[in-house]
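Counting starts at 1 for both ligands and their atoms, in listed order. Only a predicted model underlies this, so the values are computations on that prediction, with no experimental measurement involved. This chain uses plain numbering: 1 for the first residue, then up along the sequence.
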Amino acid sequence: MNNTPIKLAFLFLSVTATATAIATPAKRTNYLFTPHAKAVAGICTVIPTNTSLCCKTLKHVPTDDPIELIRALAFAAETSVKHSVSFLSGIKPKHKSNANAAAAINSCEKNLKYALEDFAEFWKATGKDVTTLAHNYFTCKKTLMSIMGYHSTCLDDIEDKNLFNEVEFGIGVGKNLSSDSFDVFNGLNTIFKTFGIKVKLNEEDTSPRPPPLSDYYY
Ligand SMILES: *[C@@H]1O[C@H](CO)[C@@H](O)[C@H](O)[C@H]1NC(C)=O
Ligand SMILES: *[C@@H]1O[C@H](CO)[C@@H](O)[C@H](O)[C@H]1NC(C)=O
């Protein structure tokens with residue numbers, strides 16, 4: 001991770017060298033005018049609160065395909081929630097002597113593990129193509145909302161102000177990226193219009209239901 005800027009700098013130098021070698025009068029394009037920046041903006045703009053984390057996250061995803069970018073945002077959210085779980089395990093020893101704090105951390109960890117189970121369901125629902133995603137649209141939104149709920153529950157359970165701040169900061173990126181992912185799915189109609197994707201989003205619940213009660217009788 002840490003040597004990414006170096007790699008990028010190297011790549012940039014290589015590209016510059018190549019460009020000079022073939023002596024093309026290369027005009028420098030401002031990133032903001034590239035198709036990639038437009039694709040990222042077209043997605044992140046539906047987030048009503050703060051688009052900066054979304055833009056920052058997607059800026060480095062090497063595709064202009066809106067669906068791939070949307071997947072990448074949710075994937076980044078899931079990865080961050082995994083980091084949140086590790087973060088919580090990491091601070092346990094420090095709070096071992098305080099029973100309330102230890103219980104709150106354990107409870108938060110349990111909630112975020114449920115959130116990760118919801119991500120597994122989310123990926124099943126999104127499937128591999130846009131048709132599956134559109135068919136399971138309601139389920140995708142529902143799982144993302146549930147993931148947000150687990151983050152709120154985690155924080156609601158923490159009474160101690162210092163511990164609250166510590167946990168809020170530690171799980172913040174995952175929480176915010178999950179919320180951004182929800183906003184993006186919530187605004188998917190707008191996004192599809194922006195990109196001219198003519199697929200209808202199914203607002204009906206397609207999640208697997210428990211078998212009817214009669215199935216339990218023999
Ligand atoms: C938006 O979020 C970024 C990073 O998450 C933060 O640095 C910035 O202060 C936020 N801006 C506002 C207006 O809240
Ligand atoms: C998450 O979002 C909130 C509200 O916009 C902001 O105050 C906070 O700094 C963000 N946290 C991170 C880690 O980006």
Side-chain angles (χ1 to χ4, degrees), residues 1-5 7-8 30-34 36-63 66 68-95 101 104-119 122-123 140-188 190-191 194:
M1 260 246 171
N2 285 335
N3 59 10
T4 305
K7 276 192 204 142
L8 285 178
N30 185 328
Y31 170 73
L32 292 176
F33 298 114
T34 62
H36 189 265
K38 281 181 197 153
V40 170
I43 291 163
C44 297
T45 191
V46 301
I47 297 169
T49 47
N50 184 342
T51 59
S52 85
L53 186 59
C54 175
C55 293
K56 211 174 85 183
T57 304
L58 294 185
K59 187 169 178 181
H60 302 289
V61 180
T63 173
E68 288 309 311
L69 287 168
I70 290 167
R71 280 184 206 282
L73 185 67
F75 186 75
E78 184 186 31
T79 305
S80 296
V81 175
K82 285 179 183 164
H83 289 161
S84 302
V85 172
S86 310
F87 163 81
L88 293 169
S89 309
I91 62 168
K92 274 184 193 177
K94 198 168 71 178
H95 295 283
I105 295 167
N106 280 330
S107 157
C108 183
E109 190 185 27
K110 198 171 75 185
N111 276 298
L112 294 195
K113 282 181 178 168
Y114 290 145
L116 289 176
E117 286 175 16
D118 276 340
F119 268 115
F122 168 81
W123 292 119
C140 294
K141 264 197 305 187
K142 193 174 74 170
T143 49
L144 290 172
M145 187 180 270
S146 165
I147 289 163
M148 283 166 69
Y150 284 124
H151 283 87
S152 307
T153 308
C154 155
L155 292 169
D156 286 349
D157 288 350
I158 305 176
E159 278 166 23
D160 181 85
K161 193 69 200 152
N162 288 328
L163 182 62
F164 181 93
N165 289 337
E166 184 181 3
V167 172
E168 190 187 39
F169 181 74
I171 72 169
V173 178
K175 180 174 186 270
N176 288 1
L177 279 176
S178 297
S179 156
D180 289 352
S181 300
F182 173 78
D183 287 340
V184 162
F185 269 80
N186 206 31
L188 207 55
T190 307
I191 294 175
T194 304

Atom 11 (N) of ligand 1 within contact range, any protein heavy atom under 4.0 Å
yes
Quick check on atom 7 (O) of ligand 1 - does any protein heavy atom sit closer than 4.0 Å to it?
no
What distance do T79 atom OG1 and L116 atom CG have between them, rounded to the nearest 0.5 Å?
9.5 Å
For ligand 2, which is the ligand I care about here, please tell me if N176 has any N or O atom under 3.5 Å from one of the ligand's N or O atoms.
yes
Of all protein heavy atoms, the one nearest atom 4 (C) of ligand 1 is S52 OG, 3.5 Å
Can you tell me which residue and heavy atom of the protein come closest to atom 14 (O) of ligand 1, and the distance to 0.1 Å?
N50 ND2, 3.4 Å
For the residue pair F122 and F185, categorise the inter-ring angle as parallel (less than 30°), tilted (30 to 60°) or perpendicular (more than 60°).
perpendicular
With respect to the side-chain SG atoms, do C54 and C44 come within less than 2.5 Å?
yes
For atom CE of M148, is the number of surrounding heavy atoms from other residues, nucleotides or ligands below 6.0 Å larger than 12?
yes
Side chains of T153 and N111: donor-acceptor distance under 3.5 Å anywhere?
no
The atoms of ligand 2 lying under 4.0 Å from a heavy atom of V173, numbered in the order shown, are 13 (C)
